[in-house]
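Convention: sequence-line order gives letters A, B, ...; per-chain numbering from 1.
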2 protein chains.
Amino acid sequence: MAVTIKDVAIAANVATSTVSRVLANSSKISPETARRVRKAIDDLNYHPNHHARSLANNSTKTIGLIMPSSAHVSFQNPFFPEVIRGISTEAHKKNYGLYLSTGQTDEEVYEEVKQMVVEKRVDGIILLFSLQNDQLIPFLMEEDFPFVLLGRPAVDHPEQVWYVNNDNVRTGRLVTEYLTLLKHERIGLILNRSDAIVTHDRMQGYREALERSNLPINDDYIVHYADHENGGKDAFIEIMSVPDPPTALIAEDLVVFDVLRTVQDLGIRVPEELSIVGFNNYMISELASPPMTSIDINIFELGVQSMALLFDRLENPNQDAKQRIVPHELIRRSSCSRLK
Amino acid sequence: MAVTIKDVAIAANVATSTVSRVLANSSKISPETARRVRKAIDDLNYHPNHHARSLANNSTKTIGLIMPSSAHVSFQNPFFPEVIRGISTEAHKKNYGLYLSTGQTDEEVYEEVKQMVVEKRVDGIILLFSLQNDQLIPFLMEEDFPFVLLGRPAVDHPEQVWYVNNDNVRTGRLVTEYLTLLKHERIGLILNRSDAIVTHDRMQGYREALERSNLPINDDYIVHYADHENGGKDAFIEIMSVPDPPTALIAEDLVVFDVLRTVQDLGIRVPEELSIVGFNNYMISELASPPMTSIDINIFELGVQSMALLFDRLENPNQDAKQRIVPHELIRRSSCSRLK
DNA sequence: CAAATTTATGAAAACGGTTGCATTTATTTA
DNA sequence: TAAATAAATGCAACCGTTTTCATAAATTTG
């Protein structure tokens, strides 16, 4: 079998406790002994067993990443790899590993989280999404388990939960205002699943902007699309089929891709006849044709910050919850124009 | 502290071994006792500690996923999320977890793998890439550690390694032949980092196809691009600047996106003046303009198969190595036309 | 120089499970 | 009905660490 701490102890002619102390760089070890032990470790090519370690000091050096139940489908959304890239970069600095959830229904995800927590499989958790009526947050708070939410918590005392978010109301307002400045008055909004908090917030911003400009809010101009194939296309057709169709559209970048393709089929020119602005600014958004105007929400940074916040919490568990708002930026490219 | 097997044992008035057996569904337990134990488990909301378990039966129920050292950058490539999606789907069926590597240099990745193996942190490993002169494969074979390679192994006895791959030589040949059938004779090839096996194989196929058609192989038509930003664009400019520039181009889809954008700047029309075919057929490839013709390599299935193969190996460690070739398919869209 | 400290190390008890073997009890066999 | 067998359960060792506490050796103090 593999070489254990006992083998090293024997080889170095010391007790296992001494080896353990050398490993931990304890000060109470004579240089001479330390040298001998280290030599034995090298000679035998010893590596401490991770599970034994975790068991003994009740810490795993790994972080659980919880994806939406639709992970199956949501990995198709560039948001997740990008945010994980940020998390990974930060986790790597402190030598933490990443453990991925794989559940495919809400129920399964809940069970998985429960396992991670109660089996002590991870030291902390990052929730990569936030939904209305989420069960996970109350559960984790109840258990007092260290976690960070990516998004805004829809709970009674949001100030008690650690989270990283964009100011989504403001992004919603910003894109809408940008379009009204371009003289658009009929502005359509295509949104994804309606129980996502981010969706709610963006819509809120959209409404605020319209009200400030004294423009009417037409419910026909707000469409939710299903997360399945062609959802974006269907939503687009729906929204453009109302009596006075919008002259401008707001949607998530992936939907914008769908729209841009459909628009070509229909012979509608962008931006001459229809202005479009997207949310999220994925790496590929720049490669659309025309290159799309989009709100950059700094996905990578969202990942970095949530990992950093979780480390902060782990290092000092009893402090008050902290929050971080990651800045956004409107990236103007070629999918919008002033209404004639 | 958390509730342990001991608490359950006391509550059910049995020994811990009995609880353990109930957990394992051992046959030698009376229905009456099993019922009582299960009730106690429920009442106390007991979940076995994962590390204690791993330690005792030397199995972790988790699979290590090794990304290229450039994981930092490579998560920007849709290939990885998609292959992980496949792996995750399959792993989930058997209740296995996924552990992600985060190393950012070859050296770090190597250390990480070493840790996973020798600390027994995972039961098996999937290598998500294969390089020339890779150190990982010899190491894992030496250790006789269960792993599956995604790609073709460049080692002395490939039949001894478990792997899942496409027939990349054939895909290279196929796209080239497709273009020659469209009467193209000057066909450019843009490749990514040259130490990737897949790159080598595709080029091989390209060469074979040209030879069969009695077309000359012009080294000016073969360009490698760096993995950094704008790499694709630079490579495109380079390849189009030779005396008789290609009338058709072959590249990975992400590069094609770059090319399509550059092409617009330069006023070159696709497919009228330049035909392009891509490798990989990412979900977004269809959304390019024009929608790109691409070789679908079934990335999701690559993930599924590699996980399945690894399970096969774990369940029966002493059998001969197995391999799987995942089929490909040329998806014709609108980026190619017959040369006039 | 003996007593009091300090320093370095070891023995053993956790951590929370699994499992081989022994033991008790219930059932079958002759 | 006693002996043999099978079924159900418990005891205790083990997985590979960390860590508390005790102890021996070295050093300082009065």
Given atom CZ of A/Arg35 and atom C1' of C/dA8, what is their separation to the nearest angstrom? 16 Å
Under a 4.0 Å threshold between the charged nitrogen and the carboxylate oxygen, would B/Asp43 count as salt-bridged to B/Lys39? yes
Need one value for B/Thr4: base, sugar-phosphate or nothing, where a base atom within 4.0 Å counts as base even if backbone is also close, heavy atoms only. sugar-phosphate
Of C/dT19, D/dT18, C/dA11, the nucleotide closest to the side chain of B/Asn57 is C/dT19
Is there a donor in the side chain of B/Ser17 and an acceptor in the side chain of B/Ser20, or the other way round, less than 3.5 Å apart? no
Roughly how many Å is it from CG in B/Asn58 to P in D/dT17, rounded to a whole number? 12 Å
For B/Ala52 and B/Pro31, find the nucleotide of DNA chain D closest to each by heavy atoms; which residue's nucleotide sits nearer the 5' end? B/Pro31
With a 4.0 Å limit, can you tell me whether B/Arg53 has a side-chain N or O closer than that to the phosphate oxygens OP1/OP2 of C/dT18? yes
Between B/Ala56 and B/Arg36, just flag the one whose closest nucleotide in DNA chain D comes earlier from the 5' side. B/Arg36
Expressed in angstrom and rounded to an integer, what is the separation of B/Leu23 atom CG from C/dT18 atom P? 6 Å
Regarding the side chain of B/Ser30, the nearest nucleotide among C/dT9, C/dT18, D/dA8 is D/dA8
Have a look at B/Val19 and say if it touches a base, only the backbone sugar-phosphate, or nothing, with a 4.0 Å heavy-atom cut-off. nothing
Just to be sure I understand the rule, does A/Ser54 reach a base, reach only the sugar-phosphate, or reach nothing, if contact means heavy atoms closer than 4.0 Å? nothing
Compare all side-chain heavy atoms of A/Val164 with those of A/Gln323 and state whether any distance is below 4.5 angstrom. no
Here the distance between atom C1' of D/dA26 and atom CD of A/Glu32, to the nearest Å, is 16 Å
Within the modelled atom types, does a donor on one side and an acceptor on the other bring the side chain of B/Ser17 and the base of D/dC11 under 3.5 Å apart? yes
Interatomic distance where CG belongs to A/Leu55 and P belongs to C/dA13 [whole Å]: 17 Å
Given D/dT18, C/dG10, C/dG20, the nucleotide with the shortest approach to the side chain of B/Arg21: C/dG20
Check this for me, if you would: do A/Lys94 and A/Glu315 make a salt bridge, where the nitrogen-to-carboxylate-oxygen distance has to be below 4.0 angstrom? yes
Does the side chain of B/Thr16 get closer than 4.0 angstrom to OP1 or OP2 of D/dG10 through an N or O atom? no
Could you state the OH-P distance from A/Tyr46 to D/dT18, rounded to the nearest angstrom? 6 Å
Rounded distance (Å) that lies between atom C1' of D/dC15 and atom NE2 of A/His50: 15 Å
Side chains of B/Tyr163 and B/Arg152: do they bring a donor and an acceptor to under 3.5 Å? no
Atom CD1 of A/Ile5 and atom P of D/dC15 are separated, to the nearest Å, by 14 Å
Of all the nucleotides listed (C/dG20, D/dG16, D/dA8), which has the minimum atom distance to the side chain of B/Thr33? D/dA8
Heavy atoms only, 4.0 Å cut-off, all strands: where does A/His47 land among base, sugar-phosphate and nothing? sugar-phosphate
Going by atom types only, do B/Glu108 and A/His92 share a side-chain donor-acceptor pair under 3.5 Å? yes
